[in-house]
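Before any comments, here is the structure.
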Number of protein chains: 2
Amino acid sequence: MPESNNVRPSGGRHSKEDVAATALLILDQFGLPDLTMRRLASALDVQPGALYWHYPNKQALIAELADRILAPAVLFTDESQGWEGRTQAAAARLRDALLAYRDGAEVVTSTLAIGLGATDLIELFAASIRNGGFDPRTARRASTALVHLVLGHVGQEQQRLQYDGLGVVVDGARPEDARRETEQDDSFAFGVALLIRGLTALEADLTSADRFVWDR
Amino acid sequence: MPESNNVRPSGGRHSKEDVAATALLILDQFGLPDLTMRRLASALDVQPGALYWHYPNKQALIAELADRILAPAVLFTDESQGWEGRTQAAAARLRDALLAYRDGAEVVTSTLAIGLGATDLIELFAASIRNGGFDPRTARRASTALVHLVLGHVGQEQQRLQYDGLGVVVDGARPEDARRETEQDDSFAFGVALLIRGLTALEADLTSADRFVWDR
DNA sequence: ACCTGAACACCGTTCAAGT
DNA sequence: ACCTGAACACCGTTCAAGT
């Protein structure tokens, strides 16, 4: 009997949509290393080569997954109080979106590492920072820093989740887990707050006419 | 004729040292994706299986490379003026160390992503920050943020170097290159400065008795 | 102590040909 | 428009056996 937890539509043929959705399922259940073209093909009950009709290569598929993972963070617009609040909220939204899928940060980082989809991500922060009265160049630089901060932090966070997953939880929560989670939350918020605080301080520096404090 | 740009010692046998050094050579010349166990073995004029006598697996080898790449940044101690200067200098040193090898940032990031060698890197910054009078917890958090910032930035930088490598430079420098380089330098220094400025601002906040500006 | 030979269990990608 | 069949050119890792 052919092993098939497959999800083949009644028509018998797949769309780009099917492929991406199934890939996201495998990613979330088994992690990025187990998301292979061959495994994806067999989940779709299809030969490996068939995937290359939908996507030119694996990187393009991963980029599509990155887009879908980021969608909730990018689409959303909020009305928090002040540009600092909106920027912090955007960081939290990005973090939540990455945490929503197993290895989410690695998927996005690897897509960024081949030069795809960076603009949306940076604009996520740049808008709220410009809104604080900063020039576009400053906003772009600070946004880039924020993106690196969030991706790095969530990457580490998800790595620990993997470690913890190896331990067996019988029927209760281990008390260390909760403590570690809040420590992660605090550490994340602290890093983001540092950057934002640096920006406001920079603003103050500039308006007090000492224009080159941060410039080398 | 067997293709062999090999570097086999006169004795006929290799050491961990040989293996790591040759791996670093391949990394620097051809990049991380081309650094395979089989390719490394053939450069050493050895069967692939032989490598597993020296290192238990590929991840361990990569971790060793990460250590060697980071060594110049970690060992060095300087006597810059003030903790801000020392922290900024540490960031510049880390960046230089990563830029010294092709895909250096990716090597270190991937090692960090499997939970190895993180402590040295964080301590690189934590020492100078504690030196500024911050408590260990704050220093650790700020250091972590700085590490993520630097790794993310250099990762992007090295990705662009790869792109540029695809274009053919005939016999002169293209004017855009220099402009882009200084833009990268500035952007890097700006991100680091933002974080440090955030720390000093935080310090000021605390000493002026308003203790919860950054705490949610 | 260090390596060979040979295998195991996989990968991503291509492409003529089918429906 | 979407897929099969079959191949190409690889991977990392293991392990008995050799020197």
Side-chain angles (χ1 to χ4, degrees), chain A residues 2-23 26-27 29-66 103 106-107 110-111 113-114 116, chain B residues 2-23 26-27 29-66 103 106-107 110-111 113-114 116:
Chain A
E3 181 195 337
S4 52
N5 295 343
N6 55 21
V7 200
R8 194 148 200 182
S10 37
R13 280 164 152 76
H14 289 294
S15 60
K16 277 190 68 163
E17 167 67 30
D18 292 333
V19 177
T22 305
I26 294 178
L27 173 71
Q29 275 185 34
F30 306 100
L32 188 54
D34 280 0
L35 177 56
T36 67
M37 296 302 264
R38 301 182 100 97
R39 183 156 185 172
L40 174 55
S42 102
L44 291 162
D45 199 22
V46 132
Q47 296 299 310
L51 299 176
Y52 292 82
W53 193 90
H54 299 283
Y55 295 91
N57 51 54
K58 191 180 180 179
Q59 286 186 342
L61 206 222
I62 300 286
E64 171 67 29
L65 301 189
D103 292 339
E106 228 183 316
V107 167
S110 79
T111 298
I114 57 173
L116 300 174
Chain B
E3 182 195 338
S4 52
N5 295 342
N6 56 19
V7 200
R8 194 148 199 184
S10 35
R13 282 165 150 75
H14 289 293
S15 60
K16 278 191 65 162
E17 167 66 31
D18 292 333
V19 177
T22 306
I26 295 178
L27 174 71
Q29 276 185 33
F30 306 101
L32 188 54
D34 280 359
L35 177 54
T36 67
M37 296 303 265
R38 303 182 99 98
R39 183 156 185 173
L40 174 56
S42 104
L44 290 162
D45 200 20
V46 129
Q47 295 299 312
L51 299 176
Y52 291 82
W53 193 91
H54 298 283
Y55 295 91
N57 50 54
K58 191 180 181 181
Q59 286 186 341
L61 206 221
I62 300 285
E64 171 68 29
L65 301 189
D103 292 340
E106 228 182 316
V107 168
S110 79
T111 298
I114 58 173
L116 300 174

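Order of the sequence lines sets the chain letters (A, B, ...), proteins ahead of strands, with each chain counted from 1. Computed over heavy atoms, backbone and side chain alike; hydrogens, waters and symmetry mates excluded.
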- Query: Any donor and acceptor pair, going by atom type alone, linking the side chain of A:D18 with main-chain N or O of A:S15 inside 3.5 Å?
  - Reply: yes

- Query: In whole angstroms, how far is the P atom of C:dG12 from the NE2 atom of A:H54?
  - Reply: 16 Å

- First locate atom OH of B:Y55, then atom CD1 of B:I62, and finally report the distance between them rounded to the nearest 0.5 Å. 10.5 Å

- Item | Which nucleotides of DNA chain D pair, in dot-bracket form (Watson-Crick or G-U under 3.5 Å, | meaning another strand) | ||.|||||...|||||.||

- Message: Closest approach to the side chain of A:M37, judged atom by atom: which nucleotide of D:dT13, C:dT13, D:dC3 is it?
- Response: C:dT13

- Task: Using the P atom as the reference point in each nucleotide, state the distance between C:dA17 and D:dC2 in Å, no decimals.
- Result: 22 Å

- First of A:R38 and A:V46 reached from the 5' end of DNA chain D, by closest nucleotide: A:V46

- Message: What is the distance, to the nearest angstrom, from the CD1 atom on A:I26 to the P atom on C:dC11?
- Response: 11 Å

- With a 4.5 Å heavy-atom cut-off, do B:V107 and B:L35 have their side chains touching? no

- Please state how far atom CG in B:L61 lies from atom C1' in D:dG12, giving the value in whole angstrom units. 12 Å

- Task: Please determine if a side-chain N or O atom of A:Y52 lies less than 4.0 Å away from the OP1 or OP2 oxygen of C:dT13.
- Result: yes

- Between CG of B:L51 and C1' of C:dT4 the distance, given in whole Å, is 13 Å

- Minimum side-chain heavy-atom gap A:L61-A:M37 below 4.5 Å: yes

- Choose from D:dC11, C:dC3, D:dC3 the nucleotide whose nearest atom is closest to any side-chain atom of B:A50. C:dC3

- Between C1' of C:dC3 and NZ of B:K16, the distance in whole Å: 17 Å

- Item | Atom-pair distance (CG on B:D18; C1' on C:dC3), nearest Å | 14 Å

- From the candidates C:dC3, C:dT4, D:dC3, the one with an atom nearest any side-chain atom of B:Q47 is C:dT4

- In Å, rounded to the nearest 0.5 Å, how long is the span from CG of B:L44 to CD1 of B:I26? 7.0 Å

- Short side-chain N/O contact from A:H14 to OP1 or OP2 of D:dA1, under 4.0 Å: no

- Message: Between P on C:dC3 and OH on B:Y55, what's the gap in Å once rounded to a whole number?
- Response: 12 Å

- In whole angstrom, what separates B:R39's CZ from D:dC11's C1'? 14 Å

- Closest to the B:R13 side chain, choosing from D:dA1, C:dT13, C:dC2: C:dC2

- Item | Residue pair A:H14 / A:W53, side-chain heavy-atom distance below 4.5 Å | no

- Which nucleotide in the list C:dC2, D:dC2, C:dG12 gets nearest to the side chain of A:K58? C:dG12

- Message: Side chains of A:V19 and A:V46, heavy atoms from C-beta outward: is any pair under 4.5 Å?
- Response: no

